[in-house]
Amino acid sequence: MTVTTIEKLSQHVGQVVTLQGWVYDRTSKGKLHFVLLRDGSGIVQCVVFRGNVGEDFFNQVAGAGQESSITLTGLVKAEPRAPGGFEIDVQSGRVLQAVQGYPITPKEHGIEYLMEHRHLWLRSKRPWAVMRIRHAVIMGIRNFFDERGFTCMDAPIFTPNACEGTSTLFEVPYFEQMAYLTQSGQLYAEAAAMALGKVYTFGPTFRAEKSKTRRHLTEFWMIEPEMAYATLDDVMSLAEDMLSYVVAHVLKTRRAELAVLERDVAKLEKIVPPFPRLTYEEASRILLDSPEIKGTDLAFQPGEDFGAPHETIISNLFDRPVMVHRYPAAIKAFYMKRDPLDPTKCLSVDVLGSEGVGEIIGGSQREDELQLLLDRIEHEKLPQEAFQWYLDLRRYGSVPHGGFGLGLERTVAWICGIEHVREAIPFPRTIYRLTP
RNA sequence: UCCCCGGUAGCUCAAUGGUAGAGCACCCGGCUGUUAACCGGGUUGUUGUAGGUUCGAGCCCUACCCGGGGAGCCA
């Protein structure tokens with residue numbers, strides 16, 4: 001007898017197989033049960049006739065509510081009446097645990113209730129699809145960098161100081177001193193790039209910002225490639241190629257999951273290079289002329305950073321991600337290199353996801369001249385002693401280099417077409433949620 | 001930190017200041033093709049907490065707690 005998984009059933013039509021899973025839903029009709037069985041790889045309808053399995057097992061299934069653990073053995077049939085097109089004609093089985101009163105029913109639930117039961121909610125179709133796509137995104141990213149000769153070099157999570165100095169950090173006791181949870185692996189990625197040329201970090205990142213929006217988590221995963229001998233153009237090309245590669249990988253391997261989420265696949269199929277590139281100045285002119293916000297509280301102030309509504313306006317003009325580059329240096333981080341053609345600007349880029357989802361990537365060419373970097377650190381009133389090791393990178397063999405940071409959950413949310421990043425991570429951490 | 005919204009049965013929600021309700025879930029019975037099954041019957045309440053106003057508060061007032069949406073900041 002073959003033990004298999006639901007996603008492989010098409011290879012077993014006409015055979016007797018055993019499935020190991022849980023009752024996703026059941027409807028009973030006198031002498032038969034329709035058991036929707038899920039096993040993590042998918043969901044399949046199993047038909048249990050009293051005449052085929054015997055009184056005993058039939059009655060056990062009758063008492064097996066949602067999420068009862070159960071194994072079923074039966075004949076795999078192609079069956080157009082069944083959801084998914086396949087069906088198991090059950091011959092025997094075993095109820096490991098009969099469950100009554102599973103808290104998440106097929107009916108509607110509020111988000112608070114679902115978040116409170118996230119450990120169980122993960123079993124439902126929608127989180128299942130999102131998590132499978134999240135995995136495909138991660139695999140796509142790793143394959144992309146691997147194919148391009150990047151080495152994964154993860155940065156520490158305990159850090160001695162702020163890397164950008166501005167964001168709020170989580171402080172934790174570290175023996176006799178205080179440490180901070182990392183808010184970016186970038187400075188370490190720069191050191192790694194000087195050692196291995198092309199590298200990326202892939203790890204959790206922590207921001208103690210008191211943000212309460214659909215785009216924010218206090219703990220999220222970030223991918224940060226960094227390349228020696230790279231310019232801003234190289235950084236933008238890398239971002240464009242990587243996003244296209246990842247979307248193509250998801251389209252190739254996660255069609256069923258996108259269908260569960262009712263994602264408009266045609267919109268994803270348009271995500272191919274080249275992405276539109278706008279300078280900050282060009283984007284500013286669009287915003288200043290935008291009738292949507294002209295004269296309102298949201299009106300754009302030249303020289304300022306873009307707010308979320310501004311990003312949405314720009315992103316909605318295109319059918320693929322937009323790269324906005326050369327922001328004013330004054331509103332960007334100290335390590336970003338000035339534009340030699342306009343020293344008020346820096347060689348930075350933000351990539352705004354399509355369909356108005358906002359920023360998914362922030363990157364730049366880094367300042368590689370020691371003195372200019374020292375000037376910036378002083379100007380920003382950052383503690384110079386904390387950056388001595390970082391400054392060494394400019395003392396010993398400094399080269400032009402750059403990279404970016406990609407927010408994994410924002411990317412997954414964008415590809416899945418879901419509203420809120422909290423659904424793009426298994427156990428979200430937000431300002432008011434630390435459990436489960 | 002600021003602005004807005006919410007908290008009533010296990011869940012989703014109703015309820016002019018005047019007896020706290022429905023659907024679903026759950027339990028019992030019926031049904032060999034269900035897709036959120038259907039039909040009949042049944043069980044379910046510290047109205048977030050603490051005060052206050054009132055003859056009378058789920059409803060009005062105050063404070064607090066919890067959550068949701070947004071701003072700022074960011075990925």
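Order of the sequence lines fixes the chain letters, A, B, ..., with proteins taken first and strands second; residue numbering starts at 1 for each chain.
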Out of A75(B), G68(B), U32(B), minimum distance to the side chain of Arg207(A) belongs to A75(B)
Exercise. For Thr205(A), which contact category applies under a 4.0 Å heavy-atom criterion: base, sugar-phosphate, or nothing?
Worked result: nothing
Donor-acceptor pair, Thr218(A) side chain versus Ile431(A) backbone, under 3.5 Å?
-> no
Expressed in whole Å, how much space separates the P atoms belonging to C11(B) and C5(B)? 25 Å
Under a 3.5 Å limit on both distances, the Watson-Crick or wobble mate of C2(B) is G70(B)
Determine the contact category for Glu87(A): base if any of its heavy atoms lies under 4.0 Å from a base atom, sugar-phosphate if only primed atoms, P, OP1 or OP2 are that close, otherwise nothing. base
- prompt: Distance check: side-chain N/O of Arg215(A) vs OP1/OP2 of G69(B), anything under 4.0 Å?
  reply: no
Whether the side chain of Gln100(A) and the base of G10(B) hold a donor-acceptor pair under 3.5 Å is what I'd like checked. no
- Query: Looking only at N and O atoms, is any donor in the side chain of Thr105(A) or the base of C11(B) less than 3.5 Å from an acceptor on the other one?
  - Reply: no
Between Val48(A) and Phe58(A), is any pair of side-chain heavy atoms under 4.5 Å apart? yes
Checklist entry - Quick one: the side chain of Arg410(A) and the base of C74(B), do they pair up donor-acceptor inside 3.5 Å? => result yes
Point to revise | G67(B) phosphate, OP1 or OP2, under 4.0 Å from Arg433(A) side-chain N/O | key: no
In the structure I gave you, are the side-chain heavy atoms of Trp22(A) and Arg38(A) within less than 4.5 Å of one another anywhere?
yes
Checking C11(B), G33(B), C74(B) against the side chain of Val47(A) (C-beta onward), the nearest is G33(B)
*So, is His420(A) near the phosphate of G69(B), with a side-chain N or O under 4.0 Å from OP1 or OP2?*
yes
When rounded to whole Å, the CG to P distance for the pair Asn59(A) and C28(B) reads 12 Å
Interatomic distance at C1', C31(B) relative to U44(B), whole Å | 27 Å
Among the nucleotides G67(B), U32(B), C73(B), whichever has the atom closest to the side chain of His216(A) is C73(B)
Query - Donor-acceptor pair present, Lys212(A) side chain and G68(B) base, under 3.5 Å - result: yes
The answer to which of Glu112(A) and Asp25(A) contacts RNA chain B further toward the 5' end, by nearest nucleotide, is Asp25(A)
Please determine whether a side-chain nitrogen or oxygen atom of Arg26(A) lies at a distance below 4.0 Å from atom OP1 or OP2 of A25(B).
no
**Request:** Taking atom C1' in both A63(B) and G69(B), compute the distance separating them and give it to the nearest angstrom.
**Result:** 24 Å
Checking G72(B), A75(B), U34(B) against the side chain of Thr213(A) (C-beta onward), the nearest is G72(B)
Checklist entry - In whole Å, what separates the P atom of A20(B) from that of A71(B)? => result 43 Å
Of U34(B), C73(B), U32(B), the nucleotide closest to the side chain of Lys31(A) is U32(B)
Is any side-chain N or O of Lys29(A) closer than 4.0 Å to OP1 or OP2 of G33(B)? yes
Item checked: Sugar-phosphate, base or nothing in reach of Phe49(A), heavy atoms under 4.0 Å -> base
A63(B) -> Watson-Crick or G-U wobble partner, both distances under 3.5 Å, gives U49(B)
Worksheet item: Any side-chain heavy atom of Glu359(A) within less than 4.5 Å of one from Arg215(A)?
Response: no
Taking a pair to mean Watson-Crick or G-U wobble geometry with both distances below 3.5 Å, A22(B) pairs with U12(B)
Distance-only donor-acceptor test (3.5 Å): side chain His109(A), base C11(B): no
Practice task
Test Glu409(A) against Arg134(A) for side chain to side chain contact (heavy atoms under 4.5 Å, CB included), laying out the working first.
Solution key: CA-CA 8 Å; Glu409(A) 288 74 18; Arg134(A) 178 186 166 104; 2.9 Å; yes
Open item on the list: Please report the distance separating the C1' of G23(B) from the corresponding atom of G56(B), rounded so that it comes out in whole Å.
Closed with: 31 Å
Q: Check whether any side-chain heavy atom of Phe318(A) lies under 4.5 Å from a side-chain heavy atom of Leu278(A), and answer yes or no.
A: yes
Out of A75(B), A71(B), U34(B), minimum distance to the side chain of Pro309(A) belongs to A71(B)
By the Watson-Crick or G-U definition, both distances under 3.5 Å, C31(B) is matched with none
Checklist entry - Any chance the rings of Phe306(A) and Phe300(A) have centres within less than 6.0 Å? => result yes
